[in-house]
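Quick caveat: nothing in here was measured; it's all calculated off a predicted structure.
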Amino acid sequence: MNNFAVKTQGLSMNYGSCKALDSFDLQLEPGKIYGLLGRNGAGKTTLLNILTGRLFQSSGNADIFGKPAYENIDILRQICYIEEKGFYAPTVKIWQVLQLASGLYPNWDTQYAERLLALFELDKRKKYKQLSRGMESSLGLVIGLASRAELTIFDEPSLGLDAVVRERFYDAVIDDFAEHPRTIIISTHLIDEVSRLFEDLIIIDGGRLLLQADAVELKEKAYYISGKEQAVRAAAAGTVVMSEESFGGTLILAVYAKNGLQQTDDVEIQQIPLQKLFVLLINPQIHENLRKGGVIQ
């Protein structure tokens, strides 16, 4: 028995000669919001399908709250997995979808679901085939939030949503999590927009865990330093340089500073936006530099 919401050890998934996951080790504490980041084909969906009992791994272990999810009804009732697209009969109505969900999730909150329908401007009398792509996503958000499942997973929850509805979703996650803590995993490409939700970041690339880190700490150690070359080089001393660019007489370094940076009048220092940092981190050469610098494994 362990105290982790999610724990994988040596988790691998093979499709013929292709390794979708390769010796993937992960430990997620309960009661946190995690951001799962990775390029298309990195292995995110395979990982989520194994964690939710939809796939059985080729090797290794994957436990949810200390027990395997595969063919385990007790564990599966603690999980709500909202995929990119729902799979409902075209003629089923929203209220019927929610009625089904209420029977699946022990912590389902009907009154909260009704408030979310109003928040996301969904008419529960509408048939599924009448929903736009954004409405389909909104319905998934209602189910994921109102389920209050101990492990709630949103896979690309913002597809088709306009900016107003996306912000309403982010606010709803923060507000409800404060009152009803649980483990939430959000897999998304809108990294900067949703980054305020994340407590920890999980970055996956090529089926391997590239990095797991506290989101705030990670952002507070990644900076752009710009100015005259000599001053910039001096300011970057003791950091791991991830990239550099020159424009005229100005040098711009992207650095990872394990011990932080001292502000000086000679250079300009700016925090690297999370999306740009993600792009840097999955660059193989930069990853190797960070590994040699002892930042990541």
Side-chain angles (χ1 to χ4, degrees), residues 4-28 32-64 68-70 81 83-84 151 153-159 184-192 194-195 198-215 217-219 221-222 240-243 254-256 258 272-297:
F4 296 106
V6 174
K7 182 176 182 179
T8 71
Q9 291 180 295
L11 187 65
S12 296
M13 186 68 197
N14 305 325
Y15 297 102
S17 60
C18 175
K19 278 187 173 292
L21 290 176
D22 186 7
S23 299
F24 195 90
D25 293 341
L26 183 67
Q27 294 179 348
L28 304 186
K32 281 189 173 184
I33 302 177
Y34 294 89
L36 177 62
L37 311 180
R39 301 173 63 191
N40 289 336
K44 302 190 303 297
T45 299
T46 298
L47 173 64
L48 296 179
N49 280 331
I50 291 174
L51 297 182
T52 54
R54 301 180 182 207
L55 281 178
F56 188 73
Q57 62 268 24
S58 301
S59 60
N61 300 312
D63 291 342
I64 308 297
Y70 194 75
Y81 180 24
E83 300 180 80
E84 289 185 32
L151 174 61
I153 300 172
F154 294 99
D155 189 5
E156 295 296 345
S158 303
L159 289 179
I184 298 177
I185 301 174
I186 300 176
S187 175
T188 181
H189 287 91
L190 298 177
I191 298 172
D192 281 335
V194 74
S195 63
F198 301 150
E199 295 178 75
D200 274 26
L201 292 175
I202 306 155
I203 300 179
I204 179 173
D205 191 53
R208 288 181 172 271
L209 179 64
L210 193 65
L211 180 68
Q212 182 179 352
D214 180 280
E217 288 184 9
L218 182 63
K219 288 187 288 185
K221 293 180 179 179
V240 178
V241 176
M242 295 185 286
S243 69
V255 305
Y256 189 93
K258 289 188 287 185
I272 299 177
L274 187 57
Q275 182 138 343
K276 180 61 177 177
L277 179 58
F278 165 72
V279 173
L280 289 169
L281 289 172
I282 64 172
N283 179 295
Q285 184 57 56
I286 292 172
H287 179 259
E288 181 62 16
N289 291 343
L290 291 171
R291 188 189 66 78
K292 289 179 179 177
V295 175
I296 57 181
Q297 296 182 350

Next on the checklist: Within the 4.5 Å heavy-atom criterion, are Leu277 and Met242 side-chain neighbours or not?
Outcome noted: yes
Item to check | Close side-chain approach of Ile185 and Leu151, heavy atoms under 4.5 Å | outcome: yes
Next on the checklist: Tell me which one of Leu210, Leu281, Ile203 satisfies side-chain contact (heavy atoms from CB on, under 4.5 Å) with His287.
Outcome noted: Leu210
Item to check | Side-chain (Asp192) to main-chain (Gln275) donor-acceptor, under 3.5 angstrom | outcome: yes
Next on the checklist: Side chains of Leu28 and Ile202, heavy atoms from C-beta outward: is any pair under 4.5 Å?
Outcome noted: yes
Next on the checklist: So Leu218 and Tyr256, do their side chains get closer than 4.5 Å, heavy atoms only?
Outcome noted: yes
Item to check | Heavy atoms from other residues, nucleotides or ligands near CZ of Arg39 exceed 12 (cutoff 6.0 Å) | outcome: no
Checklist entry - Within the side chain of Lys32, is there an N or O that forms a donor-acceptor pair under 3.5 Å with the backbone of Glu199? => result no
Next on the checklist: As a quick check of understanding, evaluate side-chain contact (heavy atoms from CB on, under 4.5 Å) for Leu37 and Ile282, giving each step before the final call.
Outcome noted: CA-CA 10 Å; Leu37 311 180; Ile282 64 172; over 6 Å; no
Next on the checklist: Among residues at least two apart in sequence or on other chains, which ones pass side-chain hydrogen bond (donor to acceptor under 3.5 Å, both in side chains) with Lys219?
Outcome noted: none
Checklist entry - Hey, what do you get for CD1 (Ile186) to CD (Glu156), rounding to the nearest 0.5 Å? => result 11.0 Å
Item to check | Glu83 side, atom CD; Ile153 side, atom CD1 - distance, nearest 0.5 Å | outcome: 10.0 Å
Checklist entry - When Leu11 is tested against each of Leu26, Leu47, Leu209, Thr46 for side-chain contact (heavy atoms from CB on, under 4.5 Å), which residue passes? => result Leu47
Checklist entry - Please walk me through it: do Val6 and Tyr34 pass side-chain contact (heavy atoms from CB on, under 4.5 Å)? => result CA-CA 11 Å; Val6 174; Tyr34 294 89; over 6 Å; no
Item to check | Intermediate values then yes/no, side-chain contact (heavy atoms from CB on, under 4.5 Å), Thr8 and Leu21 | outcome: CA-CA 11 Å; Thr8 71; Leu21 290 176; over 6 Å; no
Item to check | Inter-residue atom distance Glu84.CD - Asp155.CG, 0.5 Å rounding | outcome: 5.0 Å
Checklist entry - Which distance, rounded to the nearest 0.5 Å, do you find between the CZ of Phe198 and the CD1 of Ile184? => result 11.0 Å
Item to check | Backbone N/O of Asn14 and side chain of Ser58: donor-acceptor pair under 3.5 Å | outcome: yes
Next on the checklist: As a test of understanding, state which of Asn283, Val279, Leu280 forms a side-chain contact (heavy atoms from CB on, under 4.5 Å) with Ser243.
Outcome noted: Leu280
Checklist entry - Do side-chain atoms of Ser12 reach the backbone of Ser23 as a donor and acceptor pair under 3.5 angstrom? => result yes
Checklist entry - Nearest 0.5 Å, what's the SG-CE distance between Cys18 and Met13? => result 10.0 Å
Checklist entry - Only one of Thr45, Asp200, Leu48 clears side-chain contact (heavy atoms from CB on, under 4.5 Å) with Leu36; which? => result Leu48
Checklist entry - Hey, are Lys7 and Asp63 close enough for a salt bridge, meaning a charged N less than 4.0 Å from a carboxylate O? => result no
Checklist entry - Are Leu211 and Leu201 side-chain neighbours, meaning at least one heavy-atom pair lies under 4.5 Å? => result no
Checklist entry - Closest approach of Pro157 and Ser187, non-hydrogen atoms and distance? => result CD-O, 3.6 Å
Checklist entry - Just by distance, do the side chain of Gln57 and the backbone of Gly60 share a donor-acceptor pair under 3.5 Å? => result yes
Checklist entry - How about Thr188 and Phe154: do any of their side-chain heavy atoms sit closer than 4.5 Å? => result no
Item to check | Ala69 to Ile64 - nearest heavy-atom pair and separation | outcome: CB-CG1, 3.8 Å
Checklist entry - For the residue pair Leu51 and Ala62, what are the closest heavy atoms and their distance? => result CD2-CB, 4.3 Å
